[in-house]
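Written below as structure tokens is the structure these notes are about.
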Amino acid sequence: CSLSVTDINLNSPNKGLLSDAMTDVPVDSAASARTSTPEGLTLAEEEELRSELAKVEEEIGTLRQVLAAKERHCGELKRKLGLTPLDGLKQNLSKSWHDVQVSNAYVRTSEKLGEWNDKVTQSDFYKKTQETLSQAGQKTSAALSNVGSVISRKLGDM
């Protein structure tokens, strides 16, 4: 888990600058505040672990600085290209929807729903219900047409 600063690309124009949000990140000091040696560790082992912990925490801080600088640089590039946050959101949503559509679960569900639709629309019950509703719609339409013509005649008589 050892990473040196030479392993990090610090070619950013903003290298070494901490954003305000990153300077307030708390560091867990509970391990360093402990006065007794944890069970099963010798004093030398504890010191070695504390030293490694300090190095890792320092590396985390460095990585946060690098990430903040890269994020600022990314924002500047997007601004220069005229890309807005809305463009990024649209692109992310489009990619997410595409990912959903090609997922195994979505494909299997679509196939299953297609099969069910075929079974339902081919069933006798569906056909009878469709026929009945069609006839009821035709009768209702004819009745409304008759009512409309009667009203028209009445208005014409007046």
Side-chain angles (χ1 to χ4, degrees), residues 1-34 38 40-41 45-145 147-148:
C1 187
S2 179
L3 179 69
S4 68
V5 175
T6 59
D7 294 335
I8 301 170
N9 182 359
L10 295 176
N11 291 330
S12 172
N14 299 315
K15 65 183 171 191
L17 299 177
L18 258 181
S19 71
D20 292 339
M22 299 312 288
T23 58
D24 295 334
V25 175
V27 176
D28 183 14
S29 60
S32 60
R34 186 178 294 144
L41 290 179
E45 290 172 330
E46 181 183 0
E47 285 303 315
E48 184 180 332
L49 289 175
R50 287 184 190 276
S51 173
E52 186 177 345
L53 176 61
K55 287 178 187 176
V56 170
E57 286 175 342
E58 184 179 333
E59 291 169 359
I60 289 170
T62 302
L63 291 171
R64 284 184 177 143
Q65 290 176 7
V66 171
L67 179 60
K70 293 291 183 182
E71 286 176 337
R72 283 192 299 273
H73 186 65
C74 179
E76 291 169 10
L77 292 174
K78 285 181 178 181
R79 192 172 43 257
K80 287 178 182 178
L81 289 171
L83 300 175
T84 64
L86 184 58
D87 293 331
L89 180 63
K90 286 179 188 177
Q91 187 177 20
N92 288 343
L93 288 174
S94 177
K95 183 182 180 329
S96 296
W97 178 240
H98 178 264
D99 291 347
V100 166
Q101 287 178 317
V102 297
S103 71
N104 287 336
Y106 182 87
V107 170
R108 283 192 306 252
T109 303
S110 295
E111 289 172 356
K112 189 55 91 175
L113 288 174
E115 290 172 14
W116 290 348
N117 183 48
D118 291 344
K119 287 179 182 177
V120 166
T121 56
Q122 300 304 319
S123 71
D124 289 336
F125 179 75
Y126 177 84
K127 290 177 181 177
K128 289 177 184 176
T129 303
Q130 185 183 28
E131 230 174 81
T132 302
L133 289 175
S134 176
Q135 290 172 358
Q138 290 171 356
K139 289 179 181 177
T140 302
S141 178
L144 289 175
S145 178
V147 168

Name the atoms and distances for all side-chain donor-acceptor pairs under 3.5 Å in residues 88-96, with sequence neighbours left out.
residue: Asn92; atom: ND2; partner: Gly88; partner atom: O; Å: 3.4
residue: Lys95; atom: NZ; partner: Asp99; partner atom: OD2; Å: 3.0
residue: Ser96; atom: OG; partner: Asn92; partner atom: O; Å: 2.9

Non-hydrogen atoms of Leu41 and Leu49 that approach each other most closely
CD1-CD1, 3.8 Å
Could you list the residues that satisfy side-chain contact (heavy atoms from CB on, under 4.5 Å) with Leu67, not counting sequence neighbours?
Glu71
Applying ring-ring contact (aromatic ring centres under 6.0 Å, His included) to Trp116 and not counting sequence neighbours gives none
About how many Å separate CD of Glu46 and CG of Leu53, when rounded to the nearest 0.5 Å?
11.0 Å
Can you sort out the partners of Arg79 under side-chain contact (heavy atoms from CB on, under 4.5 Å), two or more places apart, ordered by chain and number?
Glu76
Heavy-atom donor-acceptor pair, Ser103 side chain to Val100 backbone, under 3.5 Å:
yes
Taking atom CD of Glu48 as the centre, does the number of heavy atoms from other residues, nucleotides or ligands within less than 6.0 Å exceed 12?
no
side-chain contact (heavy atoms from CB on, under 4.5 Å) involving Ser110 - partner list, sequence neighbours excluded:
Tyr106
Identify each donor-acceptor pair in which a side-chain atom of residues 119-135 lies under 3.5 Å from a protein atom, sequence neighbours left out, and give them as a table.
residue: Thr121; atom: OG1; partner: Asn117; partner atom: O; Å: 2.8
residue: Thr121; atom: OG1; partner: Asp118; partner atom: O; Å: 3.3
residue: Ser123; atom: OG; partner: Val120; partner atom: O; Å: 2.8
residue: Ser123; atom: OG; partner: Tyr126; partner atom: N; Å: 3.2
residue: Thr129; atom: OG1; partner: Phe125; partner atom: O; Å: 2.8
residue: Thr132; atom: OG1; partner: Lys128; partner atom: O; Å: 2.8

With side chains defined as the heavy atoms from C-beta onward, is the minimum distance between Lys55 and Glu52 less than 4.5 Å?
no
Residue pair Lys78 / Cys74, side-chain heavy-atom distance below 4.5 Å:
yes
To the nearest 0.5 angstrom, please state how far the CD atom of Glu115 sits from the NZ atom of Lys112.
4.5 Å
Approximate separation, where rounding is to 0.5 Å, of Glu58 CD and Leu63 CG:
11.0 Å
